[in-house]
Structures are given as structure tokens and as C-alpha cells.
Amino acid sequence: MAVKTVLQVKNKLMSRTFPLEKIRNIGIIAHIDAGKTTTTERILYHTGRTYKIGEVDEGTAVMDWMQQERERGITITAAATTCQWCQHRINIIDTPGHVDFAAEVERSLRVLDGGVVILDAVAGVEAQSEAVWRQADKYNVARICFINKMDRTGADFYGTVSMIEERLQAKVLPIQLPLGAESSFQGIIDLVENKTVTFADDPHLAPREGAIPESDSAIVANYRRALIEKLAENDDQIMLKYLEGQEISISQIKTTVRRLTVANCIVPILCGSALRGKGIRPLLDATVAYLPSPLDIPPVCAINPKNGSDIFCRADDDDLLSALAFKVVSDPFMGRLTYLRIYSGKVKAGAQILNATRGVKEHLGRLYIMHANHREEIDGADSGSIVTTVGLRKTSTGDSLCDATRPVLFESIHFSDTVLSMAIEPGSKADQDKLSNVLAKLGEEDPTFKTHNNPETGQVLISGMGELHLEVLVERISHEFGVKVKVGKPQVAYKETITAPVEAEGRFIRQSGGKGQYGHVWLRLEPGERSSGFEFCDQIRNGAIPKEFIPAIEIGVKEALQSGRLAGYPVVDIKAILCDGSFHEVDSSALAFKIAGSMAVRNAVTKAKPILLEPIMQVEILTPAQFLGDIIGDLNSRRARIEGIESYKDSSVIRCFVPLARTFGFVSDLRSLSQGRATHTMRFCRNEVVPPNLSEQIVASTRAR
């Protein structure tokens with residue numbers, strides 16, 4: 001197969017050289033260490049985008065360009081690139097697999113049309129594989145699965161396919177079978193074209209096609225029959241031919257597989273060994289053959305901010321511009337880079353556009369396509385493109401950009417709450433001002449990184465999704481931005497809530513000779529369902545409080561709930577009902593009612609039997625069976641609640657819930673107990689009530705600080 005070399009002429013790649021039907025916007029998603037970046041590196045090599053294969057273990061991977069990524073051998077930030085295959089343009093985003101960086105997967109899947117899910121043939125479906133699968137379901141992203149590492153000892157293609165069906169509830173359709181396994185893995189059996197494809201150890205040599213070996217003919221016949229039957233269930237023409245015993249053409253099979261994949265009715269299954277370069281070319285063929293183009297995706301629904309009506313943005317260069325900013329990066333040389341997915345219309349560098357989310361006009365600077373951290377400047381971008389730009393000073397992650405004559409608002413991107421905090425302070429007075437600027441830049445880049453000041457201690461607290469997340473950010477502050485900092489021990493981000501309904505009065509009256517201040521409210525606080533957040537309800541009757549003051553009361557209530565009365569943690573899962581109040585025709589103001597609202601909340605929370613909530617982590621551990629007892633003993637000492645244990649060959653999978661406060665040091669203990677052979681994943685699940693004896697200790701400790 002001839003590989004079309006990458007175009008080197010500037011501005012050529014993003015012109016309408018490729019019709020919309022020949023564009024693929026895909027993400028490489030998987031559990032950590034499943035082989036996402038290795039697969040991407042081989043794709044770039046085989047498509048001619050790079051001339052040398054990058055290796056993750058050697059720190060030479062093109063897509064893992066950050067220093068922290070190369071040191072750890074993991075992907076931390078989603079990296080974008082573009083390549084070409086069979087007259088198609090493939091825009092790729094290589095996403096992280098570690099749960100601490102799930103926000104990168106979330107915002108990538110929000111703007112992608114298709115995904116390649118990489119699975120380890122030995123480990124099968126792992127915890128983070130389930131997490132990214134749910135994220136893809138959320139955004140209705142069409143997928144194909146690539147079962148990787150077929151050359152490793154213990155590789156089990158058929159077992160992994162069964163796990164995909166059982167754990168991911170997916171309607172799988174194997175279109176390839178492995179030719180050999182473990183050390184004897186040679187290539188793949190193509191069930192669609194009924195042939196074998198074998199690969200040489202030298203990646204420069206083209207794969208060889210051949211006939212199905214006699215030893216595999218029976219299993220191939222069974223799986224090909226199952227493939228045809230599954231297609232027949234969803235296609236009347238294939239059903240008719242199948243019942244009449246007629247031959248079904250390869251083109252008809254491919255057309256039906258594509259239609260069902262785009263509709264998310266099936267998930268084609270492929271296999272190979274990315275490290276050895278085996279199966280990469282068929283994977284590319286499947287990407288262009290089965291994953292959707294922008295034209296295959298239904299028009300994206302947006303909202304007209306003026307009247308709330310629906311607007312459908314279709315992939316058409318002649319339509320008006322609509323785009324979503326899905327990522328912001330602070331580049332040390334270029335400044336603020338904003339990643340855009342253009343849904344409709346086209347745009348040129350230097351154009352004026354509207355940020356409909358913030359209601360401001362922005363000027364696009366230069367436009368680029370990205371190749372990891374390298375940029376190629378372009379004059380303009382068309383619908384279906386993923387590009388970056390400079391110059392958008394007021395645009396943040398999730399903002400909608402559009403033509404000023406047609407404002408549109410896309411659904412924003414929602415991220416999980418932070419679960420871990422630590423204190424940070426500059427290493428010297430000279431670094432104090434720099435630190436504030438750096439924290440602001442990192443907050444713009446990463447929506448799951450939060451910064452706030454503790455008014456009682458005067459400390460600056462940074463919050464993130466886990467220990468690794470905060471560790472990487474602190475390293476970036478020191479190495480990338482050159483600011484020396486000191487950090488405290490990680491602190492759990494506890495929450496407070498109430499357990500009893502209560503009513504309270506807030507009265508703020510000041511008289512100082514001239515116009516005074518008058519605000520008077522009655523609030524009723526009720527406990528909400530767990531994870532329900534905050535709800536404000538206005539039940540004022542007969543104009544007891546004028547409508548223009550109601551928003552100010554809500555703001556005052558929200559601000560007061562940021563610091564609970566038990567230990568100063570935010571109060572969550574609560575419903576605030578504004579019942580009654582009074583006003584003064586001259587002295588009442590929004591400020592007075594805001595203060596009255598906050599006073600009522602403080603009075604009410606104290607009497608509402610507040611309790612402490614702690615974050616609970618969902619943990620999955622894969623361990624050799626011989627270490628199972630020791631690990632369970634360690635989990636019991638951490639207040640873990642074990643949900644189930646599954647046996648898989650000579651390994652065991654433990655699923656449990658552990659309080660975040662008891663997970664510190666867990667990684668090193670797990671390695672020690674299993675001689676370094678156990679692996680685990682951990683993600684935030686929910687908040688639960690802290691046991692009374694521990695709650696008293698936490699409250700006393702917090703007040704002492």
C-alpha cells in the first residue's frame with residue numbers, strides 16, 4: 001500500500017485539499033500502559049509524519065514531549081497531531097491514561113468524532129478502560145477497539161473480547177483474529193476479506209497477504225459466519241442474501257460495518273502489537289474505513305443566547321462560523337495557545353469573532369496545526385478542523401466562538417470536583433508575585449486545578465485530582481516557570497452538609513446619618529440528596545422582597561456556604577428556600593440583602609446539625625493471586641470496603657472503596673506487599689459521612705490549625 005508522504009509546504013495541510021468525507025477526528029484512549037502513545041508513534045511513522053519511531057521507554061516519543069512525561073514514561077497532557085493515510089487526513093489526539101488526568105480525556109472526547117480504544121491483551125479491560133468508555137458513551141463517540149500486546153506472554157484475544165462484552169456492555173464485532181499468540185504472534189486474520197496479513201520484524205518491510213491456514217479454517221469460518229449474521233440483523237439486503245445462500249461482497253460488508261459503527265450499534269475489534277509495528281497498517285485502514293467523518297456526525301445542537309432557541313451547526317464551509325475552545329495552554333514562547341474544534345464555517349487568521357459564552361469580541365491571531373509541541377502555521381481553517389490560535393485573551397476552556405451575526409452557545413465541558421489540596425508558598429519574596437501569575441496560568445490550562453486562599457491561616461491552597469496531579473503541577477512551577485516553591489503535606493478536601501431542616505433570620509440594618517442599609521430575609525435550609533450540590537428556591541409572595549434583590553440574596557447564600565460552621569469546609573448538598581423578609585423603600589440595596597442572606601445561612605447551619613463528608617475513592621487492584629491475602633489485610637487497615645474479588649488466570653482483581661484520607665502511602669505499600677507486581681487504579685467516586693469519632697478528631701485538628 002502506497003503511503004502518501006506528508007506535505008511540507010506551509011499552509012497546504014489545512015486547505016480544502018481533503019473533502020469533509022475524507023477527514024477523521026479521532027482520539028487514542030485507554031488505561032495507563034495499554035500502549036496508546038506507542039500506537040500513536042507507530043501511526044505517525046507508517047503515515048510518513050515522522051521518519052523515526054519514537055519510544056516511550058527511551059524518552060524519545062514525539063507525543064510525550066513534556067519533561068515530566070519523559071521522566072515518568074506516561075502521558076500527562078493530551079497531544080494533537082495530523083497525518084495522512086490513503087488520501088484521508090487523520091487528526092489525532094493522544095490522551096492520558098492515568099485517572100488524575102481524566103479531564104484531558106473529557107475535553108478531548110467532547111470535540112472528537114471517533115475513538116480508538118487500546119486494550120492490553122494480557123490485562124484485558126482495566127479500571128480506567130471502563131472510565132474512558134463511559135466518557136465516550138457520554139459524548140456518543142463511535143469506537144473501534146485495538147487489542148494490543150498480542151506478542152506478550154499471557155496474551156488472550158478471545159478472553160479480552162469476552163471482557164469487553166461483559167464489563168463494557170459493548171456489542172462487539174471481531175473483524176480480525178490473531179495469527180498466532182504470545183511469542184508465535186505473526187499477524188492477523190482479516191475476517192472481512194478472508195485472508196491473512198503477516199508482518200516482518202523489520203517495520204520498513206511491507207506486510208504479506210496470504211490464504212487462511214488449514215489449522216485456523218474452522219475457527220475463522222465460525223467467526224466469519226457470526227460476523228455476517230450480526231450484520232444481517234441490522235441490514236435487510238445482507239439478511240436476504242444470507243438466507244438465500246448468496247455470496248456477500250466485501251464492499252457491502254465494509255459499507256454495513258461502517259454504517260453500524262458510525263451509529264454506535266457495533267464496535268469492531270482488531271488486534272496487533274504496536275511495539276513491534278504489527279497490525280498498525282490494518283488499524284489505519286479500519287480508521288478511514290469505519291470511523292466517522294464530520295459529515296457522518298449529526299449537526300451539533302447549540303443554543304441561541306438571545307432567545308434560547310436551538311441552532312443546528314452542520315459541517316459545511318459555507319455555513320456561518322461556530323467553534324468550541326476545548327483547551328488552553330500557556331506556551332513559554334508563544335504565550336496563550338487556544339485549541340479549537342471548528343464545527344461549521346471557516347475562518348482566517350486575524351479575523352474578528354464573537355465569544356458567545358462571555359459576550360465579548362476577540363481577534364484571532366495566527367492559526368496553527370499542532371504536531372505535539374511543534375506548530376505549523378496556516379492561513380485559515382475549515383469546518384471539521386482541529387487547530388490552535390494565539391490572541392484569544394478572554395477565552396477559556398469550554399467557551400463557544402462564532403460569527404458575530406449568529407451567536408451560538410454549545411454545551412460547556414463539565415469536570416469532576418477536586419479531591420486533594422496542599423498548601424504552597426514561594427521560596428523567596430522575589431518569587432511571590434511570579435507565583436500568583438503562574439498559578440493563574442495553570443488554572444486557565446487545567447480546569448481541575450484550583451487555587452484559593454485560606455482566610456484563617458493566610459495560606460494559599462492548591463487543589464487537584466490526586467497526588468500525581470499536584471506533584472506534576474508543582475514540578476512544572478519549578479522547572480517550566482522557574483519559580484521556587486515550598487509545599488505542605490496533601491490535605492483531604494472534606495465537605496460539610498446539614499442533616500436537619502431549619503429556618504433562620506438574617507437582618508442587616510445600618511443607619512449612619514444619610515442613606516442607610518436595610519436587608520431582612522428568612523431562609524429555610526433543607527438537606528439535599530448526596531451529590532445534589534446547591535439549590536436555591538425563591539418562595540417570596542406578595543412582593544415582601546422586590547425581585548431585583550433576589551439574585552443578591554442567592555449570591556450571599558452561596559458565599560456563606562463556602563465556609564461551614566463545623567470546621568470551615570464548604571457546605572454541599574443543600575437546598576436554600578427564601579421564605580420571607582422585608583425591605584425599606586429608601587435604605588434597601590443589593591449589598592444589604594446579600595449580607596442578610598449570608599447572615600441567615602450562618603445562623604441556620606449552626607442549628608442544622610452539620611456533619612463532615614469525606615471523598616471516597618473507587619480502587620481496583622490487579623495482583624498475582626499469591627499476594628491477595630496480604631493486600632486485603634492492608635486494605636482492611638485503611639477502612640476499605642471490598643465490593644468484590646475476581647479471579648483471572650493466575651491473577652486476582654480486587655474492587656473496593658477506600659477513604660481518600662487513608663490512601664496516602666498506598667502506592668509504596670502495594671509495591672512492597674506484591675514485590676512490585678501489583679498494579680492499581682484509583683478515581684473519585686462520591687462523598688460519604690465521616691464516622692463520628694474520626695469527625696471529632698478532624699474538627700479538633702482543623703480548629704487547632
Side-chain angles (χ1 to χ4, degrees), residues 20-21 23-30 36 78 80 90-95 102-119 125 128-146 164-165 167-173 230 233-235 255-270 286-303 310-316 319 322-327 339-344 383-386 397-398 400 408-416:
L20 273 167
E21 63 269 17
I23 292 176
R24 303 289 182 269
N25 293 315
I26 68 167
I28 310 295
I29 57 177
K36 296 180 302 301
I90 307 175
N91 299 321
I92 301 173
I93 297 182
D94 177 30
T95 65
E104 291 285 328
V105 185
E106 185 82 20
R107 59 184 173 188
S108 298
L109 289 175
R110 172 66 177 80
V111 299
L112 293 171
D113 304 327
V116 177
V117 182
I118 311 294
L119 296 166
V125 177
Q128 193 61 13
S129 303
E130 292 187 62
V132 298
W133 194 271
R134 285 194 297 271
Q135 287 173 301
D137 282 339
K138 177 180 175 182
Y139 295 113
N140 201 32
V141 174
R143 278 146 281 177
I144 59 177
C145 284
F146 181 72
I164 297 171
E165 285 187 294
R167 295 186 60 174
L168 303 180
Q169 300 297 304
K171 295 181 179 179
V172 300
L173 183 72
K230 191 163 288 189
E233 292 173 6
N234 297 276
D235 188 279
T255 300
T256 307
V257 171
R258 174 179 177 76
R259 178 173 61 80
L260 297 177
T261 303
V262 169
N264 257 322
C265 295
I266 60 168
V267 180
I269 308 292
L270 300 88
T287 297
V288 300
Y290 305 130
L291 288 180
S293 73
L295 288 178
D296 296 315
I297 303 301
V300 182
C301 182
I303 295 173
D310 290 342
I311 297 175
F312 292 93
C313 303
R314 55 195 177 89
D316 187 343
D319 198 1
S322 66
L324 183 71
F326 67 94
K327 184 173 180 177
Y339 285 68
L340 306 176
R341 163 66 195 264
I342 299 177
Y343 286 109
S344 66
S383 56
S385 302
I386 294 177
T397 299
S400 302
V408 296
L409 275 176
F410 293 112
E411 181 184 356
S412 191
I413 308 172
H414 302 287
F415 301 100
S416 302

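- A side-chain donor-acceptor contact under 3.5 Å links Lys327 to the backbone of Ala78.
- Between atom CG of residue Leu295 and atom OG of residue Ser383 there is a gap of 7.5 Å, rounded to the nearest 0.5 Å.
- For Tyr290, the ring pair (Phe, Tyr, Trp, His ring centres under 6.0 Å) test picks out no residue, with sequence neighbours left out.
- For the side-chain contact (heavy atoms from CB on, under 4.5 Å) test, residues two or more places apart in sequence or in another chain that qualify with Glu165 are Val172.
- Ring orientation note: the planes of Phe326 and Tyr339 are nearly perpendicular, at an angle over 60° on the 30°/60° scale.
- The structure places OG of Ser108 at 10.5 Å from OH of Tyr139, a figure rounded to the nearest 0.5 Å.
- Taking every heavy atom of both residues into account, Ala142 and Asn264 meet most closely at CA-OD1, 3.6 Å.
- Summarising the geometry of Ser400 relative to Leu324, their closest heavy-atom pair is OG-CD1, 4.3 Å, with the distance given to 0.1 Å.
- With sequence neighbours excluded, the residues satisfying side-chain contact (heavy atoms from CB on, under 4.5 Å) with Asp316 are Arg314, Asp318, Asp319.
- The side chain to side chain contact (heavy atoms under 4.5 Å, CB included) test with Leu291 is passed by exactly one of Asn25, Ile26, Asp113, Val141: Ile26.
- Residues satisfying the side chain to side chain donor-acceptor pair (under 3.5 Å) criterion with Lys138, sequence neighbours excluded, are Glu106.
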* Asked: What's the verdict on side chain to side chain contact (heavy atoms under 4.5 Å, CB included) for Val267 and Ile164, showing C-alpha distance, side-chain angles and the deciding distance?
  -> CA-CA 10 Å; Val267 180; Ile164 297 171; 5.8 Å; no

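- Minimum interatomic distance between Val105 and Gln135 (heavy atoms only, all atoms of both residues): CG1-OE1, 3.4 Å.
- Taking every heavy atom of both residues into account, Leu168 and Ser129 meet most closely at CD2-O, 4.4 Å.
- Qualifying salt bridge (Lys or Arg N to Asp or Glu O under 4.0 Å) partners for Arg110, counting only residues two or more places apart in sequence or in other chains: none.
- Not counting sequence neighbours, the partners of Ile311 by the side-chain contact (heavy atoms from CB on, under 4.5 Å) test are Asn304, Cys313, Arg406, Val408.
- Residues passing the side chain to side chain donor-acceptor pair (under 3.5 Å) test with Arg259, sequence neighbours excluded: Asp235.
- Smallest separation of non-hydrogen atoms from Phe410 and Ala323: CE1-O, 3.6 Å.
- Side-chain atoms of Asn91 do not come within 3.5 Å of backbone N or O of Ser385 as any donor-acceptor pair.
- Taking CD1 of Ile29 as the reference point, atom CD1 of Ile118 lies at 9.0 Å (rounded to 0.5 Å).
- Between the NZ atom of Lys171 and the CD atom of Gln169 there is a distance of 11.0 Å, given to the nearest 0.5 Å.
- With sequence neighbours left out, the side chain to side chain donor-acceptor pair (under 3.5 Å) criterion links Arg24 to no other residue.
- Legend: residues meeting ring pair (Phe, Tyr, Trp, His ring centres under 6.0 Å) with Phe146, ordered by chain and number and at least two apart, are absent.
- Pairing each heavy atom of Ala136 with each of Leu109, the nearest pair is N-CD1, 3.6 Å.
- Within the 4.5 Å cutoff, no side-chain heavy atoms of Ser293 are placed close to those of Leu20.
- No side-chain donor-acceptor contact under 3.5 Å links Arg107 to the backbone of Thr397.
- Evaluation of the salt bridge (Lys or Arg N to Asp or Glu O under 4.0 Å) test over residues 289-302, restricted to residues two or more places apart or in two chains, returns Arg258-Asp296.
- The side chain to side chain contact (heavy atoms under 4.5 Å, CB included) with Cys145 is formed by just one residue from the set Leu173, Val117, Leu270, Val116; it is Val117.
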Practice task
Apply side chain to side chain contact (heavy atoms under 4.5 Å, CB included) to the pair Thr95 and Glu104, showing each step before the final yes or no.
Solution key: CA-CA 7 Å; Thr95 65; Glu104 291 285 328; 5.7 Å; no

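- Taken to the nearest 0.5 Å, the CD1 atom of Ile297 stands 9.5 Å off from the OH atom of Tyr343.
- Rounded to the nearest 0.5 Å, atoms CG (Asn234) and CG (Leu260) are 5.0 Å apart.
- Residues forming a side chain to side chain donor-acceptor pair (under 3.5 Å) with Asp137 (at least two apart in sequence, or on another chain): Arg143.
- Residues forming a side-chain contact (heavy atoms from CB on, under 4.5 Å) with Ala103 (at least two apart in sequence, or on another chain): Phe415, Thr448.
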